[in-house]
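Have a look at the structure below, then the notes.
We're numbering straight along the sequence, starting at 1. Every number for a ligand or one of its atoms is a count from 1 in the order of the listing.
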Amino acid sequence: MKRFCPKASFLLFVTLILIGFVYSEAKNCRPSGAIRGKKAPPGQCNQENDSDCCVRGKMYTTYKCSPSVSPHTKAYLTLNSFQKGGDGGGPSECDKRYHSDDTPVVALSTGWFNHRSRCLNNITISANGRSVVALVVDECDSTKGCDDEHDYQPPCPNNIVDASKAVWKALNVPKEQWGGLDITWSDA
Ligand SMILES: *[C@@H]1O[C@H](CO)[C@@H](O)[C@H](O)[C@H]1NC(C)=O
Ligand SMILES: *[C@@H]1O[C@H](CO)[C@@H](O)[C@H](O)[C@H]1NC(C)=O
């Protein structure tokens with residue numbers, strides 16, 4: 001009969017805890033910091049299309065990571081214009097171009113944008129019983145915000161797929177509801 005060995009079972013216990021810890025670290029994405037909101041100077045932060053403007057003194061959490069990607073990654077879909085003069089600001093990060101509201105393009109939160117690794121790759125977005133393929137053209141910056149470069153808008157949350165009108169249309173979302181929707185996405 002084997003004797004119960006306290007030392008070995010303690011080591012096994014510690015190992016299991018460590019494995020669990022590493023695993024949850026990979027799954028959970030913790031904040032990287034926070035920035036204090038500054039009020040936009042007059043004429044900055046155009047709120048015409050419900051853009052969110054930083055509030056002076058409010059703290060905004062920043063992230064360098066996003067939740068891990070799976071075949072059904074949960075995300076929050078937002079609306080953006082990648083056209084010239086649209087609320088997306090300058091041309092897209094991936095190709096330095098503007099994109100018509102009629103083409104399905106998206107920006108991803110910093111962690112999912114992953115140092116441009118998804119630039120000009122397609123993702124499949126599913127919601128509402130439908131799915132649409134969209135091209136990744138930009139980053140939704142989760143690490144910075146509330147400054148001139150970001151039109152005094154807060155940093156992006158870490159779970160955002162920021163999509164052109166064409167994506168909303170293809171998902172058959174009623175126009176009154178455009179702007180915020182729970183979706184899943186995967187690499188196409
Ligand atoms: C707001 O949306 C309208 C209609 O899509 C667009 O023409 C206009 O350029 C947008 N304004 C800003 C500031 O993005
Ligand atoms: C992305 O999808 C579009 C539409 O399905 C397709 O025309 C295009 O070739 C795809 N691009 C890549 C890089 O897969």
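Counting only residues at least two apart or in different chains, disulfide bond (SG atoms under 2.5 Å apart) contacts with residues 159-188 are absent. For residues 168-188, the pairs satisfying salt bridge (charged side-chain N to carboxylate O under 4.0 Å, His left out) are R118-D187, with sequence neighbours left out.
The closest side-chain donor-acceptor pair between S109 and N158, if any, does not fall under 3.5 angstrom.
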Show the distances, to 0.1 Å, for all pairs joining an N/O atom of ligand 2 and a protein N/O atom that are shorter than 3.5 Å, listing one pair per line.
residue, atom, partner, partner atom, Å
ligand 2, 2 (O), N122, OD1, 3.4
ligand 2, 2 (O), N122, ND2, 2.3
ligand 2, 11 (N), N122, ND2, 2.9
ligand 2, 14 (O), N122, ND2, 3.1

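One finds the NE2 atom of H150 at 6.5 Å from the OG1 atom of T143 (value rounded to the nearest 0.5 Å).
At least one donor-acceptor pair closer than 3.5 Å links the side chain of N128 to the backbone N or O of N172.
Applying the side chain to side chain donor-acceptor pair (under 3.5 Å) test to S32 and every residue at least two apart in sequence or in another chain returns T62.
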